[in-house]
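Worksheet: the structure to be examined is printed underneath.
Sequence lines set the chain letters: A, B, ... in the order given, protein chains first and strands last, and positions in each chain run from 1.
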Amino acid sequence: MNKKKIYTIAGISAALILSVILLIIRPTILVYGIQRAGIYAAIALPMALVLGIVHIVNLAHGEMMMVAAYLSYFICTTFGIDPLVAAIPTGIIMFFLGLIIFKTSIAHTLEAPELNQLILTFGVAMVLSQSVNLIATSQPRKISLDYVSASATIGDVSFGIYDFIFPVLAALFLAVLIYFLKKTRLGKAASAVGQNPRGARIVGINVDLTYTIIFSLASMIIGVFGSFFITKFSIFPAVGGTFTMKSFALVAMAGIGNLPMVIGASLVLGLAESLVMSVPHGAGWSPMIFFGLIIIVILSRSFRSKQ
Amino acid sequence: MNSTVQKNKTWPVIFGILGVIVMILPFFSGPYIQSIGRTVITYMILAISWDMLIRSGQLSFGLAGFFGLGSYAAVLSAVNLHFNPFISIVFAALVAGLIAFLVGAVVLRLRGMYFAITTLALGEIFRIIIHNWTSLTGGPNGKLLPKLAFDGASIPTYAMMVLFALIIIALSEYFKRSRIHYALTAIRDNEIVAKSSGINIYKYLLIAFTVTAAIQGAAGAGFAQLYGFVTPESSFNANYTLIPLAMTLLGGMYSTWGPVIGAVLLGVLGEFLKLYIPYGHLVVYGIIIILVLLFMPWGIVGMAGRLLKKGESHE
C-alpha cells in the first residue's frame with residue numbers, strides 16, 4: 001500500500017510538472033492533451049475494472065467499443081436521435097452483448113491457462129471486427145453534429161470546448177465505479193473477488209455471478225463511451241484495435257486494480273502525444289508514444305524486481 | 001497444457017506424407033492453383049514459426065510485424081542495394097532476426113499477457129515507422145520491385161516456396177528434438193522449476209524469439225518477391241497474425257504437423273470462402289479460433305493422437 005502511494009504521488013507529480021511546463025510554453029498543447037487523456041481514461045477504465053476483478057485481458061476491448069459506436073450510429077440514423085441520447089440504449093444493448101460474449105466464450109476459459117484466454121479474446125476481437133466489416137463494409141462513417149465544433153477563446157488562445165466532454169465522462173465513470181466498488185454490497189463483493197477469488201468463494205460470494213456482472217457492467221461503460229466516441233470521430237471496423245493496446249498500456253502503467261491511477265497514466269499519455277503532435281511532422285509519430293511508455297514501464301519494473 | 005510428445009510415430013509420418021503429396025500436386029496443375037499453393041505455404045511457414053515460440057509458453061502476436069518488416073527489408077535491399085532476390089530474402093531474415101534480438105532482449109523479461117500485448121503493439125509500431133519514414137520506404141505509397149524472383153514464373157516460384165517450407169519443417173523438427181525443445185517445454189510447464197534446474201530461461205527464449213522472427217521475416221520477403229510490391233497497409237495486415245493462429249490452433253499446437261495440416265485445410269477453405277464472401281470472410285477464422293479453444297484445444301493432431309491411444313488401450 002505504501003509503495004502504491006509513492007508511485008501514485010510520483011506519477012501525479014510528473015504529470016503536474018509536465019502540465020505546468022506546457023502551460024507556459026503552449027497552452028493549446030495542454031488543452032488538447034487533457035482532452036486526449038479524457039478519451040484514453042474513459043476507454044481504459046472498463047479494462048482496468050475487468051482486469052482487476054475478473055483477471056482477464058480482453059483483447060476484444062477496443063473492438064467492443066467499435067461495435068458500440070456502430071450500434072449507436074445505426075440507432076441515431078434509424079430513429080433520428082442524438083448520439084448522446086443513444087448512449088442509453090447502446091449501453092443497455094452492450095450490457096447484454098457483454099453478457100452473451102462472457103457466458104458463451106470467456107467464462108469457459110477462466111480456469112484455463114492465461115494463454116488460452118488471450119487467444120480466445122483475440123478470436124472474439126477478430127469475429128467482432130470482421131462481422132462489422134461484413135455487415136457494414138469498411139467504409140468510414142461519421143455523424144456530423146453542430147455542437148461538436150463549439151469553441152472558446154481565452155486571451156489569444158482559441159480551442160474546441162466540446163472535447164472536454166471526454167475528461168468529464170472519464171471522471172464520471174471513475175466516480176461511479178469507485179462508489180460502486182466501495183459503497184454497494186455487490187461492489188464490495190466484487191472487490192473481494194478481485195483480491196482473492198478462492199477466499200471470496202469460501203465466505204459465500206457467488207464468484208461466477210460477480211464475474212458475469214462485472215464484465216457486463218464494463219461492456220455497458222464501453223457502450224456508453226462508444227456513443228460519445230461517434231459524436232467526434234469517424235468509425236470503421238479497425239478503429240478499435242489501437243484502443244485495446246493503449247488501454248492495456250495505461251492499465252499496466254497504473255498497476256492492475258488501481259482505478260484512480262488510470263487517470264494519471266492517461267494524462268501522461270495524452271500530454272505526451274499532444275506534445276509530439278505539436279512538433280512539425282510529429283503527428284504521424286504520436287501513435288508510438290504509448291509503446292515507448294510500455295517499454296519504460298517494463299524496464300523500470302524489471303530493474304526494480306532485480307534490486 | 002501438458003501435451004506430451006506423441007509416443008506413436010506412425011501417424012505423424014502418415015500425415016507428413018499426405019502433406020508432401022498435397023505440396024507436390026500443384027506442380028501438375030495451372031498457375032491459379034500454384035498461386036493458392038504459394039499463399040498457403042506462406043501461411044504455413046508463419047504458422048509453424050508461431051508454434052515454435054508457443055512451445056515455450058510465450059504467446060506472440062508479432063507475426064504481422066516481422067512479416068511486414070521482412071517484406072520491406074527484401075524490397076528495399078533489392079531496390080537500393082541491387083541485391084539478388086534470394087540474397088534479399090536471406091538479408092530480410094537477418095534484419096528481422098536482429099531486430100527481434102534487440103527487442104526481445106527487453107521484451108522477453110515479460111511473461112504472459114504483457115509479452116503478448118507488447119508483441120501485438122510491435123506490429124503497429126513497425127507499421128508506423130515504415131509509414132512515416134517516407135524518404136526510405138516510400139511512405140503510404142509503398143515500393144515496387146523492379147525485378148521479381150524467376151521473373152514471376154509460376155512453377156519455379158512455387159518450387160522455391162515448397163523448398164522453403166521443407167526447410168522450415170525440418171528446422172521445426174530439429175527444434176523439437178534438440179536440447180532447446182526440452183528447455184522450452186520446461187519453461188512452458190513450470191518456469192520456476194526450469195530455472196532452478198539450471199536452465200538459462202532468458203537465453204533459450206531469446207534464441208526462440210530471434211529464430212522465429214527471422215523465419216517470419218523470410219516469409220514476408222518471399223511474399224514480397226512473389227508479388228513485387230510492399231505497402232504499409234498490406235504488408236503489416238493483421239491477417240498475417242490471425243490466419244496462421246487459426247491454422248495452428250485447428251491443426252494442433254506444440255507440433256510441427258499441426259500447423260501444416262491446419263494451413264492446408266484452412267488455406268484451401270479460405271480460398272473457397274473468398275470466392276463467395278469477398279469482404280469479411282475472415283470472420284470464419286475468428287470463429288474457428290473460438291470454437292477450437294472451447295471444444296478441442298488439442299486440435300486435429302492432438303485429437304487423432306488421443307483417439308489412437310484410446311484404441312490401443314482397448315486392444
Side-chain angles (χ1 to χ4, degrees), chain A residues 51 55-57 59-60 104-105 108-109 112-138 237-238 241-242 244-249 252 256 281-288 290-292 294-295 297-299 301-303 305-306, chain B residues 1-2 54 57-59 61 103 106-118 120-129 131-134 139-140 188 233 237-239 241-243 245-246 248-249 253 277-295 297:
Chain A
L51 205 52
H55 302 296
I56 287 271
V57 187
L59 290 181
T104 54
S105 60
H108 300 283
T109 57
E114 196 181 33
L115 218 70
N116 289 22
Q117 298 165 0
L118 283 164
I119 302 175
L120 181 85
T121 53
F122 180 73
V124 172
M126 287 301 150
V127 169
L128 289 179
S129 67
Q130 294 299 331
S131 308
V132 171
N133 200 356
L134 199 64
I135 296 164
T137 73
S138 55
T242 53
T244 307
M245 291 186 266
K246 284 185 182 171
S247 304
F248 182 82
I256 288 168
H281 304 294
W285 296 100
S286 70
M288 287 188 65
F290 86 97
F291 188 71
I294 296 185
I295 297 289
V297 169
I298 292 162
L299 280 179
R301 291 235 166 113
S302 80
F303 283 127
S305 63
K306 261 187 189 170
Chain B
M1 286 265 100
N2 298 318
I54 199 98
Q58 306 304 311
L59 170 61
F61 289 119
V103 174
V106 177
V107 169
L108 280 170
R109 294 184 186 283
L110 304 170
R111 292 291 175 272
M113 57 185 177
Y114 292 95
F115 179 77
I117 301 225
T118 315
L120 185 65
L122 263 184
E124 187 70 11
I125 295 308
F126 291 154
R127 191 182 64 77
I128 292 165
I129 293 174
H131 195 278
N132 288 327
W133 198 349
T134 315
R188 180 180 87 220
E233 309 310 323
N237 202 308
N239 299 348
T241 304
L242 166 67
I243 296 176
L245 231 122
T248 312
L249 286 172
M253 287 198 282
I277 323 169
Y279 298 104
H281 69 275
L282 290 167
V283 71
V284 175
Y285 291 95
I287 292 172
I288 285 174
I289 289 179
I290 296 174
L291 289 182
V292 168
L293 269 176
L294 290 181
F295 299 111

Check: What part of B/L245 gets closer than 4.5 Å to chain A, counting heavy atoms only: side chain, backbone, both or neither?
Finding: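 Contact with chain A: side chain only.
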
[X] versus chain B, the contacting section by heavy-atom distance below 4.5 Å:
X      : answer
A/I56  : neither
A/S105 : both
A/T121 : neither
A/V57  : side chain

Next item on the list: Heavy atoms only: give me the nearest A/T242-B/E124 pair and the separation to one decimal.
Entry: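 Looking at all heavy atoms of both residues, the shortest contact is CG2-OE2, 3.6 Å.
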
Next item on the list: For chain B, find which of A/L59, A/N133, A/I135 contributes the most heavy-atom pairs closer than 4.5 angstrom.
Entry: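 Maximum pair count with chain B is reached by A/L59.
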
Margin query: Taking every non-hydrogen pair under 4.5 Å, which of A/V124, A/T109, A/T104 racks up the most with chain B?
Written below: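 When all of A/V124, A/T109, A/T104 are compared, A/V124 has the most.
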
How long is the span from the [atom1] atom in [X] to the [atom2] atom in [Y], to the nearest 0.5 Å?
X      : Y      : atom1 : atom2 : result
A/T244 : B/I117 : OG1   : CD1   : 8.0 Å
A/F290 : B/I125 : CZ    : CD1   : 5.0 Å
B/I54  : A/L115 : CD1   : CG    : 4.0 Å
A/H108 : B/L293 : NE2   : CG    : 12.5 Å
B/F115 : A/L118 : CZ    : CG    : 11.5 Å

Checklist line | Side chain to side chain, A/E114 and B/L59, heavy atoms closer than 4.5 Å | finding: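 Not in contact.
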
Check: Do the side chains of A/F291 and B/I128 get nearer than 4.5 Å, heavy atoms only?
Finding: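 The answer is no; the side chains never approach within 4.5 Å.
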
Notebook entry, point to check: Using a cut-off of under 4.5 Å for heavy-atom pairs, which of B/L291, B/I290, B/I289 has the most such pairs with chain A?
Noted result: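 Most heavy-atom pairs within the cutoff with chain A belong to B/I290.
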
Check: Between B/L282 and A/M126, is a side chain to side chain contact (heavy atoms under 4.5 Å, CB included) present by the stated rule, with each step listed?
Finding: CA-CA 8 Å; B/L282 290 167; A/M126 287 301 150; over 6 Å; no

Next item on the list: Decide yes or no on side chain to side chain contact (heavy atoms under 4.5 Å, CB included) for A/V127 and B/Y285, but give the supporting numbers first.
Entry: CA-CA 8 Å; A/V127 169; B/Y285 291 95; over 6 Å; no

Note to self: Let's go through A/F122 and B/T241 carefully: what are the C-alpha distance in whole Å and the side-chain angles of both, what is the deciding distance for side chain to side chain contact (heavy atoms under 4.5 Å, CB included) to 0.1 Å, and is it a yes or a no?
What the structure shows: CA-CA 10 Å; A/F122 180 73; B/T241 304; 4.0 Å; yes

